[in-house]
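Next up is a structure, given as structure tokens.
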Amino acid sequence: MRVLVITGAGISAESGIPTFRGAGGLWRTFNAAALATPEAFQNDPETVWTWYRERRAGVRTAVPNAAHNAIVKLASHAREFLLLTQNVDDLHSRARWNGSSVTPDQLVQIHGDLFVTRCSRCTCSRRDENGDGTGVPACPCCGAPMRPGVVWFGEGLDPHSVARAERFVGDARADAVLVAGTTAAFPYIIDWARRAAGSSGRIIEINPDETQLSRFATTVIREPAAIAVPRIVDDLIANG
Ligand code: OAD
């Protein structure tokens, strides 16, 4: 079985991490959306860092839920597998099934990684999984301010990540495309899901609400991810 899984913030909702657009979503509270821009970082990097450190702290205390773990199970059973997530949290990496996890080559974080700290000028970067400093970190290579390794409004996607997604989608048709917990607000998400499925592959959407992808889905499951994903994964493994 060749499987593409696409996830968004909704898959981490049951782990206690806020989504972006729903009730209580990040983009609806104070001026979070205004902080996720290169301009905000230029004008006030301290405030941007404070906000991202708060988000890092929230993610560090969160644990993967049944949906994250079931996706690892699917990865272990699939012949070819890619997990394309818009999430910057690390719950997909920390998820386990039978002691195994998704491998780095099975995972693309298309909107970046909350725990990467990278230079705003050169290519220097590091991971800050365990601890955070204070203030605005300076690049050890060139001294410029370092920034969170996430994609902000108005920025392009990382070309290497796009190339990996394109390669998987372009190589061959996926038997199943599972899309869970995303509003699919970005056209490239819908495009990847549809192209991967081709004319005969299945697109299974798991989301309590209708999305822009819903009309292209062959199966729509209006349930929370932690309930529906484990069931769908078992069904895919049993029936292909
Ligand atoms: P959104 O916040 O836009 O959407 C979350 C989706 O999850 C909604 O469609 C909800 O209906 C659904 N949802 C909520 N609870 C759920 C649950 N328990 N199980 C399943 N689904 C649930 O988040 P994304 O679609 O991930 O980008 O947003 C995409 C991108 O927009 C994010 O990566 C972020 C944001 O701007 C960047 O930061 C670049």
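All ligand and atom numbering here is 1-based and tracks the order in the structure.
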Side-chain donor-acceptor pair present, Ser200, Arg173, cut-off under 3.5 Å: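 Their side chains do contain a donor-acceptor pair, which is all the 3.5 Å distance test asks for.
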Nearest candidate to atom 28 (O) of ligand 1, where distance is taken over non-hydrogen atoms, out of Glu205, Glu210, Arg21: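 Among Glu205, Glu210, Arg21, the closest heavy atom to atom 28 (O) of ligand 1 belongs to Arg21.
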Pick from Ala13, Ala225, Ser12: the one approaching atom 15 (N) of ligand 1 most closely through a non-hydrogen atom: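 Going through Ala13, Ala225, Ser12 one by one, Ala13 has the nearest heavy atom to atom 15 (N) of ligand 1.
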Shortest protein contact, atom 39 (C) of ligand 1 (heavy atom only):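 Scanning the protein heavy atoms, the shortest distance from atom 39 (C) of ligand 1 goes to Val151 O, 3.3 Å.
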Which residue and heavy atom of the protein sit nearest atom 11 (O) of ligand 1, plus the separation: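 Heavy-atom neighbour on the protein nearest atom 11 (O) of ligand 1: Asn207 OD1, 2.7 Å.
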Heteroatom distance test (Glu223, ligand 1): nitrogen or oxygen, under 3.5 angstrom: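 No.
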Protein heavy-atom partner closest to atom 36 (O) of ligand 1 - residue, atom, separation in Å: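 Closest protein heavy atom to atom 36 (O) of ligand 1: Trp27 NE1, 2.8 Å.
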Protein residue, atom and distance nearest to atom 25 (O) of ligand 1, heavy-atom basis: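 Its nearest protein heavy-atom neighbour is Thr182 OG1, 2.6 Å.
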Distance-only polar pair, side chains of His68 and Ser12, donor-acceptor under 3.5 Å: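 Yes, a side-chain donor-acceptor pair sits under 3.5 Å.
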Ionic contact status for Glu205 with Arg215, cut-off 4.0 Å: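 Salt bridge absent between Arg215 and Glu205.
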Contact check, Phe186 vs ligand 1, heavy-atom distance below 4.0 Å: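 For ligand 1, residue contact (heavy atoms, under 4.0 Å) with Phe186 is present.
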Side chains of Thr211 and Thr183, donor plus acceptor under 3.5 Å: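 No - no donor-acceptor pair under 3.5 Å links their side chains.
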Residues Glu210, Arg222: salt bridge by 4.0 Å N-O rule: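 Between Arg222 and Glu210 there is no salt bridge, as every charged N stays at least 4.0 Å from the carboxylate O atoms.
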Protein contact of atom 29 (C) of ligand 1 - nearest heavy atom, named by residue and atom, plus distance: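 Nearest neighbour among protein heavy atoms for atom 29 (C) of ligand 1, to 0.1 Å: Gln86 OE1, 3.2 Å.
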Where ligand 1 meets Glu14 - atom numbers and elements under 4.0 angstrom, heavy-atom basis: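 Those atoms are 17 (C), 18 (N), 19 (N).
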Residues Trp152, Glu39; criterion side chain to side chain donor-acceptor pair (under 3.5 Å); working and verdict: CA-CA 10 Å; Trp152 283 331; Glu39 293 74 28; over 6 Å; no
Min N/O separation Asn87 to ligand 1 under 3.5 Å: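 Among all N and O atoms of Asn87, none is under 3.5 Å from an N or O of ligand 1.
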Donor-acceptor side-chain pairing of Ser100 and Asn98 below 3.5 angstrom: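 No, no side-chain donor-acceptor pair sits under 3.5 Å.
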N or O contact, Phe153 vs ligand 1, cut-off under 3.5 Å: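 No, Phe153 has no N/O under 3.5 Å of an N/O on ligand 1.
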Contact (N/O only, under 3.5 Å) between Pro208 and ligand 1: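 There is no such contact.
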Closest protein heavy atom to atom 8 (C) of ligand 1, given as residue, atom name and distance to 0.1 Å: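 Atom 8 (C) of ligand 1 sits closest to the protein heavy atom Thr183 CG2, 3.6 Å.
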Salt bridge Asp89-Arg55, side-chain N to carboxylate O under 4.0 Å: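 Salt bridge flag = no for Arg55 with Asp89.
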SG(Cys142) to SG(Cys122) below 2.5 Å: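 Their SG atoms do not fall under 2.5 Å; no disulfide, then.
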Protein contact of atom 16 (C) of ligand 1 - nearest heavy atom, named by residue and atom, plus distance: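 Heavy-atom neighbour on the protein nearest atom 16 (C) of ligand 1: Gly10 O, 3.5 Å.
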Atom indices of ligand 1, in the order listed, that fall short of 4.0 Å to a heavy atom of Gly8: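 This gives 26 (O) as the contact atoms.
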Sidechain N-carboxylate O distance under 4.0 Å for Asp235, Arg231: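 No.
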Ligand 1 atoms in contact with Pro224 (distance to a heavy atom under 4.0 Å):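 The atoms of ligand 1 under 4.0 Å from a heavy atom of Pro224 are 17 (C), 18 (N), 19 (N).
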Which residue and heavy atom of the protein sit nearest atom 37 (C) of ligand 1, plus the separation: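 Nearest neighbour among protein heavy atoms for atom 37 (C) of ligand 1, to 0.1 Å: His111 ND1, 3.7 Å.
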Heavy-atom nearest neighbour of atom 23 (O) of ligand 1 within options Ala9, Ala36, Ala184: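 Closest candidate by heavy-atom distance is Ala9.
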Evaluation steps, side chain to side chain contact (heavy atoms under 4.5 Å, CB included), between Val5 and Phe81: CA-CA 8 Å; Val5 177; Phe81 177 91; 3.7 Å; yes
Side-chain ion pair, Arg56 and Asp128, N-O less than 4.0 Å: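 Looking at Asp128 together with Arg56, the answer is yes, because their closest N to O distance falls below 4.0 Å.
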